[in-house]
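Structure, as structure tokens:
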Amino acid sequence: MENIIAAILFALLVAAGSLGVTSLGMYAFHRNENRDEQQRERLEYAFFGVVGIVVMLMMWYAL
């Protein structure tokens with residue numbers, strides 16, 4: 001029980017990292033028929049990917 005904070009931070013690190021990497025993968029490989037929708041979705045995927053990686057790095061620093 002003494003390392004519960006470290007365990008929670010590690011869980012957040014893994015969750016944010018995996019979501020960030022998969023979002024960046026979707027940014028690279030996602031295709032849509034409508035170009036306007038594709039650009040909007042790719043922007044969202046890029047944003048969430050970068051935010052996920054930043055949160056992962058912050059949790060890594062916190063550990």
Side-chain angles (χ1 to χ4, degrees):
M1 273 318 259
E2 62 191 40
N3 290 333
I4 192 74
I5 301 298
I8 291 171
L9 289 176
F10 181 74
L12 288 173
L13 181 145
V14 170
S18 63
L19 288 174
V21 169
T22 55
S23 291
L24 288 177
M26 288 295 291
Y27 166 77
F29 298 118
H30 180 70
R31 300 288 181 253
N32 197 346
E33 298 294 325
N34 189 352
R35 284 186 70 89
D36 292 333
E37 287 182 21
Q38 179 179 348
Q39 289 298 324
R40 183 182 53 83
E41 290 172 354
R42 290 188 75 191
L43 181 66
E44 290 175 1
Y45 286 135
F47 174 76
F48 286 120
V50 170
V51 168
I53 298 298
V54 168
V55 170
M56 180 191 72
L57 292 174
M58 286 179 14
M59 292 302 113
W60 188 16
Y61 181 72
L63 280 177

Shortest non-hydrogen pair, A6 vs L63, comes out as O-CD2, 3.6 Å
Are F10 and I4 grouped together when hydrophobic residues (ILVMFWY) are joined by side-chain heavy atoms under 4.5 angstrom apart?
yes
| Side chain to side chain, N32 and H30, heavy atoms closer than 4.5 Å | yes
Are L43 and F47 side-chain neighbours, meaning at least one heavy-atom pair lies under 4.5 Å? no
Output for pair (T22 OG1, Y45 OH), nearest 0.5 Å, gives 9.5 Å
Tell me whether W60 shares a hydrophobic cluster with L12, the cluster being built from Ile, Leu, Val, Met, Phe, Trp, Tyr side chains joined at under 4.5 Å.
yes
Note: M56 and A16 closest approach over all heavy atoms is N-CB, 3.9 Å
Under a 3.5 Å distance rule, please check whether S23 uses its side chain to pair with a backbone N or O of G20 as donor and acceptor. no
Evaluate whether atom CZ of R31 has more than 12 neighbouring non-hydrogen atoms of other residues, nucleotides or ligands under 6.0 angstrom away. yes
Distance col, row Q39:CD vs E41:CD, nearest 0.5 angstrom, shows 10.5 Å
Separation between CE (M58) and CD1 (I53), nearest 0.5 Å, reads 13.0 Å
With M59 as partner, the option from L13, I8, V14 fulfilling side chain to side chain contact (heavy atoms under 4.5 Å, CB included) is L13
Value for CE (M26) from CG (L24), rounded to nearest 0.5 Å, stands at 11.5 Å
